[in-house]
Each structure stands twice: as C-alpha cells, then as structure tokens.
Amino acid sequence: MIETANAGPEYDDTAIRFLEALWGDGYLSPGGPEEVDRVVEGLWLEDKTVLDIGCGAGGIALHLVERHGAAHVTGFDVEHPVIMAARQRAAARALVERANFIQGPPGPLPFIDRSFDVVFSKDALLHVPDKDALFAEIFRVLKPGGVFAASNWMISHDGEPSPEMKAYVAAEGLSFAMASPARYAQAMRKAGFADVTVRDRNPWYREVARGELERLKGPLYPAVAAAVGATYVDKNIRTWEAMQKVLDSGEHRPTHLRGWKPDAEG
C-alpha cells in the first residue's frame with residue numbers, strides 16, 4: 001500500500017501473516033480474487049500492461065496475469081516487506097517475466113508518461129492525502145484510451161469524522177486519509193478522467209466483515225494466535241469491532257471506482 005511517511009513499515013511480516021490468514025495467500029485486503037474480479041468486471045485485460053498501485057504481497061498482480069491474461073503487471077508499493085513477499089511469490093509461481101514489483105517512496109509515480117493500458121488499485125489509495133495529485137499521476141501514466149479501476153475504503157462524507165470513525169482509525173493505527181466517494185470522483189474528473197463511475201460496496205463488506213470478526217473470535221483464533229501471537233489477534237479483534245460500528249452506520253464506505261483516459265483524438 002501507499003503510505004505518507006518514511007517511518008517503519010505499516011505492513012510488516014506479522015501484519016502480512018495475519019491478513020493472509022484472514023483474506024487469503026497474497027491478499028492484504030478483503031474479498032480475495034472474487035472481489036478483484038468484480039473490480040475489473042467487463043474489462044478486457046488480455047495482452048494489456050497493468051500497474052497495480054499499492055500492490056501489497058502480490059496476490060492481486062499474479063491473479064491479473066493468471067486469471068485475466070494480462071501481458072505484464074507492475075506492482076508498486078512503498079513498503080519493503082510486502083514487495084519482498086510479492087517477489088518471492090512471483091518466483092515461486094514462475095511469473096517473474098510477467099510480473100515485477102517495485103518499491104518507491106511516496107509521491108510521484110516512478111514511471112514515464114503513457115506507460116500502462118490499465119491502472120488498478122485495491123484498498124490502498126486511502127493512505128494518500130492529496131487526492132488531486134494522486135489522480136493527476138494516475139492519469140499521466142495511463143495510455144490514451146486506458147482505464148483506471150479500483151476499490152478503496154472511503155468515508156461517507158467529507159469533514160469531521162464521527163467519534164466512532166475516529167475510534168476506528170485510531171484502532172487501525174495506520175496512515176488513513178479517508179475521503180468521500182464524491183471527493184474521489186471530483187479528483188478523477190479534475191485530472192481528466194471521463195465516464196467516471198462509483199459503486200458502493202458497503203452492503204457487501206459490512207456483512208463480510210461481520211463474518212471475519214466471528215472467524216477471528218472463533219475457528220481462526222488458535223491458528224492465527226499461534227502464528228502472530230494472541231496479543232496481536234486480540235488487538236485486531238478490537239479493531240474489527242470498531243470497524244463494524246462504522247460499517248453498520250454507513251460512515252465507512254468501501255467503494256469501487258472506474259474512469260477512462262480519453263483517446264488522444266478526444
């Protein structure tokens with residue numbers, strides 16, 4: 001994922017092990033490959049070049065190659081532990097020729113203009129405070145006619161979060177810079193994207209998260225506690241309980257985004 005400072009990694013080896021136990025091998029965000037398929041539903045990725053921003057442990061990038069036939073996927077993340085995990089996963093699956101993983105600092109993307117047919121991101125853009133600069137960069141690296149498709153965690157409104165949302169963000173302990181779906185759409189259109197669409201995923205995730213919490217408290221607890229320690233699991237149970245409150249209230253709104261870079265003639 002993309003973070004905002006150069007302190008220690010927010011997604012270290014312990015976090016990777018914990019999230020993969022909950023969400024699947026190579027996945028650091030909910031829904032696994034099925035939710036990735038929903039983000040890119042209706043898009044033709046075969047023989048396309050793809051940039052995965054906030055690629056995490058690489059499961060999504062490899063899925064886009066194996067399942068969707070992408071010619072090449074470049075995963076980008078600011079965090080060293082996840083990039084190392086992604087590279088190891090690509091090597092183990094003999095996909096290093098079709099998937100590479102690059103670590104870089106927060107800020108401008110380290111790619112030339114018009115580099116990619118598709119830019120993808122899964123629940124990573126909430127770490128970036130400047131949404132206008134973010135989408136200007138995404139637009140810059142897309143080829144004319146290219147598409148941006150993403151899922152991201154958002155807040156239902158801009159302005160002061162509720163006490164419950166503040167408690168949830170504090171429990172996460174991550175560099176969240178949440179904004180509303182309307183704010184994201186505004187930033188995309190300002191950057192030049194056309195046919196911008198927004199799809200609310202709160203109804204889906206509030207029920208999925210409830211199941212995740214039940215699994216953490218029940219059948220998953222012994223194995224995950226053995227892997228990362230009971231204290232770590234207990235902390236995350238409290239985080240999930242705080243998250244469930246803002247999912248149920250509707251303030252926490254996971255959302256799909258899509259937009260197109262007009263053809264040069266446009």
Side-chain angles (χ1 to χ4, degrees), residues 1-3 9-41 52-68 73 75 77 79 81-90 92-93 99 101 120-127 149-154 168 171-174 176 201-229 232-244 246-247 252-256:
M1 294 197 180
I2 297 177
E3 63 180 355
E10 295 187 352
Y11 295 85
D12 58 15
D13 291 335
T14 302
I16 293 170
R17 289 198 303 274
F18 172 78
L19 294 174
E20 288 185 341
L22 190 61
W23 288 329
D25 184 44
Y27 287 84
L28 306 185
S29 64
E34 294 81 12
E35 184 66 359
V36 173
D37 293 342
R38 294 183 195 106
V39 174
V40 300
E41 186 176 5
D52 179 6
I53 297 178
C55 63
I60 290 173
L62 301 184
H63 179 72
L64 294 176
V65 170
E66 293 175 322
R67 174 71 180 271
H68 294 277
V73 180
D77 208 295
E79 303 222 336
V82 298
I83 289 293
M84 295 306 296
R87 289 173 179 168
Q88 291 167 6
R89 184 166 281 107
R93 283 150 74 168
F101 298 93
F120 177 94
S121 187
K122 179 73 165 65
D123 304 334
L125 304 183
L126 75 163
H127 296 287
S151 172
N152 198 47
W153 285 16
M154 304 187 193
Y168 162 57
E172 284 279 16
L174 302 173
F176 281 8
R201 296 295 285 157
N202 170 277
W204 166 77
Y205 189 52
R206 68 171 177 251
E207 298 308 320
V208 169
R210 208 181 313 277
E212 291 168 352
L213 181 57
E214 291 173 358
R215 288 164 57 215
L216 277 176
K217 289 181 172 180
L220 269 183
Y221 190 97
V224 179
V228 300
Y232 193 90
V233 181
D234 292 343
K235 172 194 175 297
N236 277 280
I237 286 173
R238 293 191 295 271
T239 300
W240 252 252
E241 290 172 339
M243 178 175 67
Q244 193 68 57
V246 290
L247 284 166
H252 181 6
R253 303 212 75 85
T255 300
H256 290 183

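Start at 1 with the first residue, then count along the sequence.
- The two residues A124 and S121 make their nearest non-hydrogen contact at CB-OG, 3.8 Å.
- We find the CG-CZ distance between N202 and R206 to be 5.0 Å, quoted to the nearest 0.5 Å.
- Below 30°, between 30° and 60°, or above 60°: for W153 and Y168 the angle between ring planes is between 30° and 60°, a tilted geometry.
- Taking both residues in full, the closest heavy atoms of T239 and A171 are given as OG1-O, 3.3 Å, listed atom of the first, atom of the second, then distance.
- Here the CD1-NE2 distance, from I53 to H127, works out to 13.0 Å after rounding to the nearest 0.5 Å.
- A 4.5 Å side-chain heavy-atom check between F120 and V73 finds every atom pair outside the cut-off.
- Using modelled atom types, no side-chain atom of K122 and backbone atom of G54 make a donor-acceptor pair closer than 3.5 Å.
- Side chains of M243 and Y205 form a contact here, defined as non-hydrogen atoms less than 4.5 Å apart.
- Residues L247 and A209 share a closest heavy-atom pair of CD1-CB, 3.5 Å.
- For the side chain to side chain contact (heavy atoms under 4.5 Å, CB included) criterion with C55, the lone passing option out of V82, I60, I83 is I83.
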Pair T255, N152 - check side-chain contact (heavy atoms from CB on, under 4.5 Å), show working. CA-CA 5 Å; T255 300; N152 198 47; 6.0 Å; no
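- Annotation: side chain to side chain contact (heavy atoms under 4.5 Å, CB included) contacts of R201 (sequence neighbours excluded): E35, R38, R199, W204, P254, H256.
- To the nearest 0.5 angstrom, M154 atom CE is 13.0 Å from F176 atom CZ.
- Across all their heavy atoms, Y11 and E79 have their closest contact at N-OE1, 2.7 Å.
- The shortest side-chain heavy-atom distance between Y232 and V224 does not fall under the 4.5 Å cut-off.
- No side-chain heavy atom of P81 sits less than 4.5 Å from a side-chain heavy atom of E10.
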Which side-chain N or O atoms in residues 15-23 pair as donor and acceptor under 3.5 Å with protein atoms at least two apart or in another chain?
{"residue": "E20", "atom": "OE2", "partner": "G26", "partner atom": "N", "Å": "3.0"}
{"residue": "E20", "atom": "OE2", "partner": "R89", "partner atom": "NH2", "Å": "3.0"}
{"residue": "W23", "atom": "NE1", "partner": "E212", "partner atom": "OE2", "Å": "2.6"}

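- T14 places no side-chain N or O within 3.5 Å of a backbone atom of V228 that could act as its donor or acceptor partner.
- Annotation for L62 and A99: closest pair CD2-CB, 3.7 Å, computed over non-hydrogen atoms.
- The side chain to side chain contact (heavy atoms under 4.5 Å, CB included) search around E241 returns L213, K217, I237, R238, not counting sequence neighbours.
- Between D123 and S29 the shortest heavy-atom distance is OD2-CB, 3.3 Å.
- Heavy atoms of other residues, nucleotides or ligands lying less than 6.0 angstrom from CZ of R67 number 12 at most.
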